[in-house]
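Worth knowing before you read on, the calculation uses all heavy atoms, side chains too, and leaves out hydrogens, waters and symmetry mates. This one's a predicted model, so the numbers in the text were calculated from it and none came from an experiment.
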Protein chains: 2
Amino acid sequence: MTKSSSRARITDVARVAGVSLATVSRVMNGNPTVDATLAARVRAVAADLGYTADPVARSLVLGRTQTVAVVIPDLANPTFQGILRGLSRAAADDDYHVLIADSAEQVDVEVGLVGTTRRRTDGVVLCAPRMSAADLAALLPSVTPAVVINRLPQEAAPTVSADYGTAMTQIIEHIHGLGHRRVAYLSGVAGSASGSARRAALEAARARHGDLDIVELAAGVGFDSGAAVADDVLATGATAVLAFNDLVAMGLLSTLAERGIRVPDDISVTGFDDIPFARYTTPPLTTAAVPAAELGQRAWAAMRALLHDHEPASAVLTPELVVRESTGPAPSH
Amino acid sequence: MTKSSSRARITDVARVAGVSLATVSRVMNGNPTVDATLAARVRAVAADLGYTADPVARSLVLGRTQTVAVVIPDLANPTFQGILRGLSRAAADDDYHVLIADSAEQVDVEVGLVGTTRRRTDGVVLCAPRMSAADLAALLPSVTPAVVINRLPQEAAPTVSADYGTAMTQIIEHIHGLGHRRVAYLSGVAGSASGSARRAALEAARARHGDLDIVELAAGVGFDSGAAVADDVLATGATAVLAFNDLVAMGLLSTLAERGIRVPDDISVTGFDDIPFARYTTPPLTTAAVPAAELGQRAWAAMRALLHDHEPASAVLTPELVVRESTGPAPSH
DNA sequence: CTGTTAGCGCGTTCAT
DNA sequence: ATGAACGCGCTAACAG
């Protein structure tokens with residue numbers, strides 16, 4: 001390879017190969033209407049010069065960047081990490097790049113973030129559990145193509161989501177089946193989309209089981225909120241507690257252990273998501289396995305369809321109940 | 001705001017405002033050499049049309065994309081997640097975007113990945129613990145500006161890293177101080193950069209303490225490798241085991257519990273990294289806290305300096321030993 | 001202070 | 001089958 005101080009442009013290749021710009025372009029893009037011998041010479045020169053078309057210039061003329069944006073509320077959350085990972089790898093398999101935008105839970109900047117990232121990409125995958133339904137609906141038409149994760153079906157974009165309601169039903173049935181009649185639900189932050197689905201499932205369970213008493217406690221979505229709410233939980237007299245997610249459950253487990261409360265003998269605890277660490281807690285956590293990476297992969301599939309003008313497939317994945325050792329029979333009286 | 005089927009271009013703004021392209025450009029870029037009244041009119045029109053300069057077109061003419069690439073070996077690894085998060089937020093504060101490239105541990109594609117992502121960005125932050133020193137040194141000059149994380153100091157790029165050697169020394173001194181004389185070291189995959197630093201620290205410890213016996217066991221970097229190597233660890237008769245990272249330690253802890261081995265009474269276990277979950281294991285893990293998010297933030301600081309033609313600051317962050325309950329005195333006898 | 005013009009690097013008609 | 005010329009949308013140098 002010939003050394004070059006600055007990177008080779010298409011002009012250089014054309015000059016060295018003794019052909020026109022157009023011919024080089026055609027060869028580089030695999031256009032078959034070029035004489036085989038000539039094409040070979042051009043390819044040789046290109047290889048020698050280490051030439052590759054400038055992606056930015058191509059983006060300008062082609063109107064596509066070969067990149068999609070992913071907007072995530074919190075890169076520290078294992079579920080979003082899983083989604084990002086699944087999406088990133090699936091996109092990479094199709095030679096697409098991923099621009100990440102961590103909104104850091106700032107709901108107010110989210111809308112703007114989606115808009116700006118969309119402009120430098122070909123589409124945006126939106127993970128915004130707390131954005132209002134109205135804001136979301138208003139935003140989507142202006143950023144198509146878009147794919148939405150874990151929200152209700154949308155007019156202007158396909159959605160890929162986990163069925164949090166069904167999963168919650170599985171959890172509550174599991175708990176009820178173990179004889180628990182008074183249970184606490186740690187509801188996470190207000191306004192989350194999946195939160196509504198869970199609450200509805202709980203409502204239905206209450207209706208189904210006249211003997212079931214569910215008390216809701218507001219908590220957050222991280223370790224600390226689970227740890228902080230432990231005493232309130234104990235005060236309710238519940239024999240089982242349904243945490244908003246695995247993180248909250250882990251925080252709770254930790255404080256419970258400090259208090260000398262035995263799980264599941266004294267109280268049962270369930271998580272949600274089945275993050276990789278859920279099986280390493282003490283005791284291992286009963287939880288609903290949300291297939292985060294697959295959500296990401298499906299989101300990419302929908303985005304790819306959109307980019308190719310195909311019909312995108314919305315998807316609803318059903319989490320699977322994973323019974324481990326943090327749940328057990330209700331203590332007899 | 002006036003509705004527009006397709007997005008407004010600078011031409012539209014110029015036409016509606018009755019000025020030239022150049023004037024619009026100047027106004028949008030805050031160039032003060034424009035009559036205030038005129039500028040106001042242009043701004044009004046731009047706002048009305050919802051105009052914002054096309055980032056791709058700007059990138060082409062300005063020669064910068066306002067984006068940096070981050071190459072990560074595994075998005076599923078909590079340490080890399082922390083680095084990515086710290087970097088992403090720091091970059092966002094400076095109005096820079098982040099393109100992620102998950103090499104999925106494919107060392108052979110890593111070099112190519114760095115090159116391609118570099119071309120659509122203004123620089124690349126490289127996290128490639130297993131790339132050979134030779135490949136790394138050969139690659140860097142072709143992708144400047146670049147910042148390297150967790151590798152030895154480089155000729156062609158600033159490095160930001162954690163001092164794994166010192167951290168390992170702290171760990172081994174802690175263990176030795178507890179009376180342990182025979183310890184096992186789970187060395188992770190071969191060829192990792194930080195692995196060498198740890199091994200050197202162990203070597204030095206061996207030289208310092210004539211009574212210290214360290215046996216090295218090859219393992220991986222995930223839960224499963226820790227779980228799988230448990231019996232081999234027990235076979236060594238070691239009273240303490242130093243895991244390559246927290247994940248390995250957690251896997252080990254899990255299998256040890258199944259075997260009825262008590263930690264730390266029968267055997268002490270240490271991790272490395274202090275991932276968020278390390279304090280929720282049973283028992284909570286003694287480990288060395290690697291400030292992943294800060295590594296990312298420092299990496300961005302170095303990159304920003306490079307982008308502004310300032311002198312970049314390499315950084316070496318010293319992990320802090322976090323003593324929790326997975327380590328205790330060596331069993332007597 | 002403002003407008004006209006020339007690229008940035010490439011893909012793509014339109015002739016030949 | 002090949003080349004010349006135009007344009008993607010914008011910024012910057014150069015006039016006026």
Side-chain angles (χ1 to χ4, degrees), chain A residues 4-46 49-67 95 115-116 118-122, chain B residues 4-46 49-67 95 115-116 118-122:
Chain A
S4 57
S5 43
S6 78
R7 189 163 259 288
R9 291 152 304 175
I10 196 173
T11 319
D12 305 320
V13 178
R15 183 171 29 74
V16 174
V19 298
S20 73
L21 297 182
T23 299
V24 177
S25 177
R26 285 192 268 256
V27 171
M28 298 309 287
N29 293 301
N31 187 322
T33 74
V34 181
D35 180 83
T37 326
L38 224 187
R41 189 167 83 223
V42 170
R43 259 190 291 272
V45 172
L49 265 45
Y51 171 75
T52 301
D54 182 331
V56 176
R58 297 193 91 230
S59 294
L60 183 59
V61 62
L62 294 178
R64 78 185 129 80
T65 60
Q66 214 70 354
T67 303
D95 285 313
T116 49
R118 169 62 182 87
R119 296 214 60 192
R120 39 185 81 238
T121 57
D122 301 342
Chain B
S4 57
S5 44
S6 77
R7 192 164 256 290
R9 290 150 305 176
I10 196 173
T11 319
D12 306 320
V13 178
R15 183 171 29 75
V16 174
V19 297
S20 73
L21 297 183
T23 298
V24 178
S25 176
R26 285 191 268 254
V27 171
M28 298 308 289
N29 293 303
N31 186 321
T33 73
V34 181
D35 178 83
T37 326
L38 224 188
R41 190 167 82 222
V42 169
R43 259 189 292 273
V45 172
L49 267 42
Y51 172 76
T52 302
D54 182 331
V56 177
R58 295 193 90 228
S59 295
L60 183 60
V61 60
L62 295 177
R64 77 183 130 81
T65 60
Q66 212 74 345
T67 303
D95 285 314
T116 49
R118 169 64 183 88
R119 296 214 58 192
R120 39 185 81 239
T121 58
D122 300 342

Sugar-phosphate, base or nothing in reach of Ala53(A), heavy atoms under 4.0 Å: sugar-phosphate

Sugar-phosphate only, base, or nothing, as touched by Val56(A) at under 4.0 Å among non-hydrogen atoms: nothing

From dA12(D), dC10(D), dT2(D), nucleotide with atom closest to Asp54(B) side chain: dC10(D)

Any Thr23(B) side-chain N or O less than 4.0 Å from OP1/OP2 of dT2(C): no

Donor-acceptor pair, side chain of Arg58(B) and main chain of Val61(B), under 3.5 angstrom: no

Touch class at under 4.0 angstrom, heavy-atom based, for Val34(A) against every strand present: sugar-phosphate

Rounded distance (Å) that lies between atom P of dC10(C) and atom CZ of Arg119(B): 7 Å

Sugar-phosphate only, base, or nothing, as touched by Thr33(B) at under 4.0 Å among non-hydrogen atoms: base

Rounded interatomic separation in angstrom, taking CG from Leu21(A) and C1' from dC8(C): 14 Å

Ile10(A) CD1 to dG3(D) P, straight-line distance once rounded to whole Å: 12 Å

Distance in Å, Gln66(B) CD paired with Asp95(B) CG, rounded so as to fall on 0.5 Å steps: 7.0 Å

Asp35(A) side chain vs Thr37(A) backbone, donor-acceptor pair below 3.5 Å: yes

Sugar-phosphate only, base, or nothing, as touched by Leu62(A) at under 4.0 Å among non-hydrogen atoms: sugar-phosphate

From dC10(D), dT4(C), dG7(D), nucleotide with atom closest to Tyr51(B) side chain: dC10(D)

Check: Arg26(A) and Val19(A) side chains under 4.5 Å, non-hydrogen atoms: no

dT11(D) OP1/OP2 closer than 4.0 Å to side-chain N/O of Arg58(B): yes

Atom pair distance, as rounded to whole Å: CE in Met28(A) and P in dG9(C): 16 Å

Atom pair distance, as rounded to whole Å: CG in Leu49(B) and C1' in dG9(D): 15 Å

Candidate nucleotides dA4(D), dT12(C), dG9(C), ranked by approach to the side chain of Ser25(A) - the nearest: dT12(C)

Five-pair end axes of the helix from dC1(C)-dG16(D) to dT16(C)-dA1(D), angle between them (10°): 50°

Donor-acceptor under 3.5 Å (Arg7(B) side chain, Asp54(B) main chain): no

Between dG11(C) (P) and Arg64(A) (CZ): distance, integer Å: 10 Å

Side-chain donor/acceptor of Arg119(B) to backbone N/O of Thr52(A), under 3.5 Å: yes

Value in whole Å for how far the P atom of dT13(C) lies from CG of Asn29(A): 12 Å

Upstream residue (5' side of DNA chain C) when Ala22(B) and Val24(A) are each assigned their closest nucleotide: Ala22(B)

For atom CZ of Arg26(B) and atom P of dT11(D), their distance in whole Å: 11 Å

Side chain Arg7(B) and base dG9(D) donor-acceptor under 3.5 Å: no

Residue Val61(A), side-chain heavy atoms: nucleotide from dG3(C), dC10(C), dA4(D) that is nearest: dC10(C)

Interatomic spacing from CD1 in Ile10(B) to CZ in Arg15(B) - rounded to 0.5 Å: 12.5 Å

Nearest to side-chain heavy atoms of Arg9(A), which nucleotide of dC10(C), dG3(C), dG9(D): dC10(C)

Check: Thr33(B) main-chain N/O paired with Asn31(B) side-chain donor or acceptor under 3.5 Å: yes

Selected nucleotide, minimal atom distance to Ala57(B) side chain, candidates dG9(D), dG9(C), dG3(C): dG9(D)

